[in-house]
Asker: 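Below are the structure tokens for one structure; questions will follow.
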Amino acid sequence: MTPISFEFFPPKTDEQREQLDRTAGKLRRHDPSFVSVTFGAGGSTLSYTPETVRRLRERFVLDAAPHVSCMGGSREEIRKLLKLYRALGCRRILALRGDLPSGMARSGDFRFAAELVEFIRAEHGDWFRIEVACYPEMHPQAEDAFADLRHFKAKMDAGADAAITQYFYNADAYFRFVEAARAIGVTQPIVPGIMPISNFGQIRRFSEQCGAEIPRWFLKRMQAYGDDVDSIRDFAADFVADLCRRLVDGGAPELHFYTLNLARPTQAVLARLG
Ligand code: FAD
């Protein structure tokens, strides 16, 4: 059985908190190896992320790992955050550069995620397992795909234990990326990030921002369903489950699901995978 893990975002309102509780309660039955909690761009969830990590660890007995993004942050701020997570019992962290919200100009002490990985290792040795992000379809700001790959290798060499990919819907993008990474000496696991589809309009918008390609044939079929919500849900779940099957058959070590704090789309995919 391939291990699975889930990503959540930190709720800010009581209503969102209740929704996350319902989702975490349902998804924990699938025995995830860990769950991760995102960090708002430019530190906009500075207190919500630790609070959510604590809640998931204490209330749901899940191995909850925080995302820590360094863009705009100072060494001292990150130092405090790492201390807090260590005190909460966390042994793993997803280390990111992050993005600044538009209009926010704050340079901070770190330029790239590789510098954050180095900083965590220098401050805490091997206490934390460190995961980083990678981009089978290239990070949108990279000069080109090879430069992005070299920067990814530098990030792994700085001390990362594994990488989780941006989501994609084209299995070949993942396989080619893994092959290219192995060819330049990346040996750590590269875990595909999977985005189940609940709201197709939203996924189209996300995909334009992050550069994930939606296959034309799939897009056309989704459009053809019009308002037939049940067919859209079923077809999208079949599509994502098929992607997962291909990834696992092709050697993916684990599947990391971007849940958007909803249980149903992820469970629909998992049900199809048996
Ligand atoms: P980096 O690895 O630093 O790369 C950023 C860009 O800089 C790339 O284009 C890279 O090629 C380039 N680069 C790297 N090093 C150099 C160098 N030495 N010289 C020149 N260029 C260089 N965002 C959030 O705000 N919060 C989250 O919780 C969050 N979670 C995420 C989880 C996953 C699994 C993924 C895939 C992404 C997540 N993101 C999150 C988005 C991420 O923060 C953005 O994609 C961000 O723009 C890049 O972060 P990074 O850590 O990949 O950056």
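Ligands are counted one by one from 1 in listed order, and the atoms in each one are counted from 1 as well. All values derive from a computational prediction rather than experimental measurement.
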Asker: Number the atoms of ligand 1 from 1 as they appear, then name those within less than 4.0 Å of a heavy atom of Gln141, with their elements.
Answerer: 9 (O)
Asker: Are any of the N/O atoms in Lys155 less than 3.5 Å from those in ligand 1?
Answerer: yes
Asker: For ligand 1, which atoms, with element, lie under 4.0 Å from some heavy atom of Ala142?
Answerer: 9 (O), 11 (O)
Asker: Would you say His151 has any N or O atom under 3.5 Å from an N or O of ligand 1, going by distance alone?
Answerer: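 Yes, His151 has an N/O under 3.5 Å of an N/O on ligand 1.
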Asker: For Tyr169 and Ser207, which I'm curious about, is there any donor-acceptor pair between the side chains at under 3.5 Å?
Answerer: no
Asker: Under 4.0 Å from any heavy atom of Asp99, which atoms of ligand 1 are there?
Answerer: 44 (C), 46 (C), 47 (O)
Asker: Are Glu131 and Arg129 close enough for a salt bridge, meaning some N to O gap below 4.0 Å?
Answerer: yes
Asker: Can you sort out the partners of Glu51 under side chain to side chain donor-acceptor pair (under 3.5 Å), two or more places apart, ordered by chain and number?
Answerer: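 Applying side chain to side chain donor-acceptor pair (under 3.5 Å) to Glu51 gives Arg17.
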Asker: Between the side chains of Arg246 and Asp172, is the shortest nitrogen-to-carboxylate-oxygen separation below 4.0 Å, so that they form an ion pair?
Answerer: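 Yes, this pair counts.
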Asker: Of the side chain and backbone of Met71, name the one, both, or neither that has a heavy atom under 4.0 Å from an atom of ligand 1.
Answerer: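 Under 4.0 Å from ligand 1, Met71 contributes no heavy atoms.
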Asker: Gln166 heavy atoms, cut-off 4.0 Å: which ligand 1 atoms fall inside?
Answerer: 36 (C)
Asker: Less than 3.5 Å apart, any donor N or O on the side chain of Ser36 or His67 sitting next to an acceptor on the other?
Answerer: yes
Asker: Determine whether more than 12 heavy atoms belonging to other residues, nucleotides or ligands lie under 6.0 Å from atom CZ of Arg91.
Answerer: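 Enclosed: over 12 neighbouring heavy atoms sit under 6.0 Å from CZ of Arg91.
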Asker: Just jot down the ligand 1 atoms closer than 4.0 angstrom to any heavy atom of Phe112, in number order.
Answerer: 3 (O), 7 (O), 13 (N), 14 (C), 15 (N), 16 (C), 17 (C), 18 (N), 19 (N), 20 (C), 21 (N), 22 (C)
Asker: Give yes if a backbone or side-chain nitrogen or oxygen of Glu143 is under 3.5 Å from a nitrogen or oxygen of ligand 1, and no if not.
Answerer: no
Asker: Which atoms of ligand 1 are found less than 4.0 Å from any heavy atom of Asp148?
Answerer: 8 (C), 9 (O), 10 (C), 11 (O)
Asker: Test your reading of the structure: does Ala95 have an N or O sitting under 3.5 Å from an N or O of ligand 1?
Answerer: no
Asker: Within the 4.0 Å heavy-atom shell around Thr38, which atoms of ligand 1 are there?
Answerer: 28 (O)
Asker: Are any of the N/O atoms in Ala133 less than 3.5 Å from those in ligand 1?
Answerer: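 No - when backbone and side-chain N and O of Ala133 are compared with those of ligand 1, no distance drops under 3.5 Å.
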Asker: For ligand 1, which part of His67 has a heavy atom less than 4.0 Å away: the side chain, the backbone, both, or neither?
Answerer: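 Answer for His67: side chain.
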Asker: How would you list, by chain and number, every residue that makes a side chain to side chain donor-acceptor pair (under 3.5 Å) with Arg121, sequence neighbours excluded?
Answerer: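 So Arg121 forms a side chain to side chain donor-acceptor pair (under 3.5 Å) with Asp161.
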Asker: Provide the number and element of each atom of ligand 1 under 4.0 Å from a heavy atom of Phe39.
Answerer: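 Every atom of ligand 1 under 4.0 Å from some heavy atom of Phe39: 24 (C), 25 (O), 26 (N), 27 (C), 28 (O).
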Asker: Salt bridge or not for Arg79 and Glu76, using N-O below 4.0 Å?
Answerer: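 Glu76 and Arg79: salt-bridged.
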Asker: Pick whichever of His256, His139, Arg150, Met138 has a heavy atom sitting closest to atom 9 (O) of ligand 1.
Answerer: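 Minimum heavy-atom distance to atom 9 (O) of ligand 1 goes to His139.
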Asker: Are His256 and Ser5 close enough that a side-chain donor and a side-chain acceptor fall under 3.5 Å?
Answerer: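 Indeed, the side chains of His256 and Ser5 share at least one donor-acceptor pair under 3.5 Å.
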Asker: Below 4.0 Å, non-hydrogen atoms only: which portion of Tyr135 touches ligand 1? Side chain, backbone, both or neither.
Answerer: side chain
Asker: Does a side-chain N-to-carboxylate-O contact under 4.0 Å join Arg97 and Asp99?
Answerer: yes
Asker: Go through the side-chain N and O atoms of Glu254 and Ser33 and say whether any donor and acceptor fall under 3.5 Å apart.
Answerer: yes
Asker: Could a heavy atom of Phe9 be found less than 4.0 Å from some atom of ligand 1?
Answerer: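 Phe9: no contact with ligand 1 (<4.0 Å).
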